Amino acid sequence: MFHHQQRARELAQLTPPDFIFGTATSSWQIEGSSKTRASSIWDDFSLAGGIKDGSSADPACDHINRFETDLDLLSWLNVDAYRFSVSWPRVMPSGDLVSTAGLDFYDRLIDGLLARNIKPALTIYHWDLPSELEAKGGWTWSGISDQFARYSEVLATKFADRVEMWATLNEPWVSAFLGYATNIHAPGRNNPADGFVASYNLMLAHGKSLEALRSNNVRNAGTVLNLTTIISDDDLAVARSHIDLLQNRFWLDLLAGRGLSDELIENTKSILDWNFVRHDELKLISKPIDWLGINYYTPTRLSRVSGSVAVGQDLALYPGTPKQVAFNPLPPTTQMGWEIHAPSLLTTLQQTAARLPGVPLYITENGGAFPDELIDGHITDYDRVDYFYDHICAALNAIEQGIDLRGYFAWSLLDNVEWAEGISKRFGIVYVDFETQQRIPKLSAQFLREINLIRKSNL
Ligand code: IFM
């Protein structure tokens with residue numbers, strides 16, 4: 001038996017029987033066929049040169065034309081669930097206009113999953129905002145949350161009966177701070193106050209979306225945050241607390257009904273006054289969710305001197321942070337420069353369970369970009385297998401400690417367009433040749449498949 005098979009056996013035996021294993025993707029990163037939908041902020045950002053290697057939405061993984069192949073890959077992987085996102089500009093190309101062709105695509109995708117006995121886990125918004133809405137102010141526009149509720153209602157009306165898990169948003173921190181407070185992501189705004197206003201509007205949109213979903217028969221709805229553990233020596237406690245606040249607590253405070261903390265208002269008083277926040281809106285945002293998804297990749301390690309460069313670790317992303325602090329990811333790191341540190345997944349789960357008690361948790365993304373080499377038609381990505389093994393062990397450890405963790409989704413099913421990094425950073429468990437669109441499962445895919453096969457044979 002190979003080493004990865006032994007490890008798969010070990011994990012399969014430790015996993016609770018009803019635990020869900022899946023993989024995840026997002027619409028803009030894989031779909032391609034941008035001409036068959038309206039434009040999104042990411043199309044504009046790529047046209048404006050915002051993507052490092054010049055990649056765009058086309059062809060990506062040409063998933064629109066190859067989704068049956070991708071569904072077969074999911075079947076081969078024996079996953080319990082598949083997390084995908086819907087492209088807002090594909091489904092609602094303009095105003096309240098709904099595209100039947102757009103909805104039909106997701107209809108076929110969902111039916112294809114169900115036919116293969118795979119639970120559909122749908123994310124309503126994974127960053128591809130219609131350009132038309134950005135022109136009105138995007139996530140800083142006061143009308144955006146109502147628009148998002150209408151879009152959510154369209155999806156619920158069509159898919160409530162068939163979609164097992166619903167997520168309103170993916171990583172609102174990234175949407176707000178990489179897209180509005182800085183110009184690392186689309187739409188490329190670069191204004192700290194906009195970052196905070198966008199954060200609030202995203203959460204208000206979440207609240208209104210949840211209401212729309214539930215009044216249209218959706219039963220299992222939550223949201224997805226990118227949470228992590230912030231590590232530093234105690235002399236940096238003030239900066240650590242502020243970064244923890246913006247990265248983790250702001251979102252969990254709103255969901256838990258604690259509202260805006262005094263620390264937030266004090267630390268951001270030179271940036272904005274928050275007087276647009278309404279009590280009834282805070283109440284709506286804190287309506288209980290059925291589950292929370294955590295996307296975890298790396299801890300955030302701080303020190304007084306900068307270490308190596310890591311994508312998305314930049315003080316401008318945390319407006320209001322004392323200036324004496326810097327990011328210092330320690331080796332080993334992934335190609336994103338992200339420190340690999342599975343114990344921080346455990347602490348993140350512990351902290352989240354304490355900050356949002358009583359809410360079932362899922363790891364909705366976890367994975368890494370590594371320098372994959374295609375040799376004789378194979379990719380033996382031992383580094384990625386190690387990464388998954390260590391992080392799944394940490395997840396199982398959390399369950400042993402009594403944390404209500406119900407599932408794990410590997411990011412990502414396919415190599416895809418890694419946003420501003422383009423196609424140069426490969427996160428897939430399946431290799432994609434972007435010229436020929438050939439898919440080749442990597443060793444990590446075989447490893448995850450093995451876990452699923454053993455678990456299912458034990459049931
Ligand atoms: O590719 C992204 C994904 O879209 C959202 N979470 C992080 C991943 C890796 O950067």
Side-chain angles (χ1 to χ4, degrees), residues 22-32 40-43 45-46 50-53 55-57 60-61 63 82-88 121-129 167-179 182 184-186 202 223-228 247-248 251 292-300 309-314 317 329 333-340 344-345 348 362-372 383-384 387-388 391 408-430 432 434 444:
T23 65
T25 60
S26 89
S27 46
W28 194 85
Q29 290 179 278
I30 65 166
E31 285 184 356
S40 79
I41 51 174
W42 273 95
D43 303 308
F45 195 66
S46 112
I51 300 190
K52 287 185 186 145
D53 62 2
S55 310
S56 70
C61 307
H63 174 71
Y82 172 56
R83 177 173 175 249
F84 62 95
S85 77
V86 173
S87 158
W88 191 348
L122 182 155
T123 302
I124 300 177
Y125 182 71
H126 195 130
W127 308 352
D128 40 1
L129 185 73
T168 54
L169 304 174
N170 181 72
E171 303 183 10
W173 176 80
V174 173
S175 300
F177 289 99
L178 276 79
T182 64
I184 301 173
H185 273 193
L202 279 152
T223 198
V224 172
L225 303 175
N226 58 316
L227 303 177
T228 191
Q247 185 74 63
N248 303 313
W251 317 96
L292 176 74
I294 299 175
N295 292 354
Y296 171 86
Y297 289 88
T298 182
T300 300
V309 175
V311 174
Q313 296 197 351
D314 184 331
L317 291 168
T333 57
T334 68
Q335 277 194 317
M336 299 288 274
W338 294 346
E339 176 174 344
I340 302 172
S344 290
L345 171 58
T348 302
Y362 287 83
I363 295 165
T364 33
E365 284 182 29
N366 178 241
F370 293 99
D372 298 327
D383 31 19
R384 191 174 284 104
Y387 183 100
F388 283 134
H391 287 80
Y408 176 97
F409 291 79
W411 183 269
S412 177
L413 172 65
L414 302 168
D415 288 337
N416 55 49
V417 188
E418 174 51 27
W419 305 110
E421 301 298 309
I423 55 173
S424 62
K425 302 285 188 298
R426 293 178 176 268
F427 275 88
I429 58 171
V430 174
V432 176
F434 293 105
S444 54

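A quick note: this is a predicted structure, and the numbers were derived from the prediction, not measured. Order of listing sets the numbers, starting from 1, for every ligand and every atom in it.
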Would His126 count as being in polar contact with ligand 1, using the rule that some N or O on each side must be under 3.5 angstrom apart? yes

For Asn366 and Tyr296, which heavy atoms make the closest approach, and how far apart are they? ND2-O, 2.8 Å

Which heavy atom of the protein is the closest neighbour of atom 7 (C) of ligand 1, given with residue, atom name and distance? Glu365 OE1, 3.2 Å

Below 4.0 angstrom from a heavy atom of Trp338, which ligand 1 atoms are there? Numbered from 1 as shown, please. 10 (O)

Is it the side chain, the backbone, both or neither of Trp28 that has a heavy atom closer than 4.0 Å to ligand 1? neither

I'd like to check which ligand 1 atoms, numbered from 1 as shown, lie under 4.0 Å from a non-hydrogen atom of Gln29. 1 (O), 3 (C), 4 (O)

Exam field: side chain Arg426 to backbone Val432, donor-acceptor pair closer than 3.5 Å: yes

On the 0 to 90° scale, with breaks at 30° and 60°, tag the Phe177-Trp251 ring pair as parallel, tilted or perpendicular. perpendicular

Can Trp28 and Asp43 be counted as having a side-chain donor-acceptor contact under 3.5 angstrom? yes

Closest to atom 8 (C) of ligand 1 among protein heavy atoms sits Tyr297 OH, 3.4 Å

Student check: side-chain heavy atoms of Glu365 and Asn170 closer than 4.5 Å: yes

the protein heavy atom lying closest to atom 1 (O) of ligand 1 turns out to be Glu418 OE1, 2.6 Å

Does ligand 1 come near enough to Asn295 that some N or O of the ligand is less than 3.5 Å from an N or O of the residue? no

Run the salt bridge (charged side-chain N to carboxylate O under 4.0 Å, His left out) test against Asp372 and tell me which residues pass, sequence neighbours left out. Arg384, Lys442

Glu171 N/O under 3.5 Å from ligand 1 N/O: yes

Output, in order, the C-alpha distance, side-chain angles, deciding distance and verdict of side-chain hydrogen bond (donor to acceptor under 3.5 Å, both in side chains) for Asp128 and Ser27. CA-CA 8 Å; Asp128 40 1; Ser27 46; 2.6 Å; yes

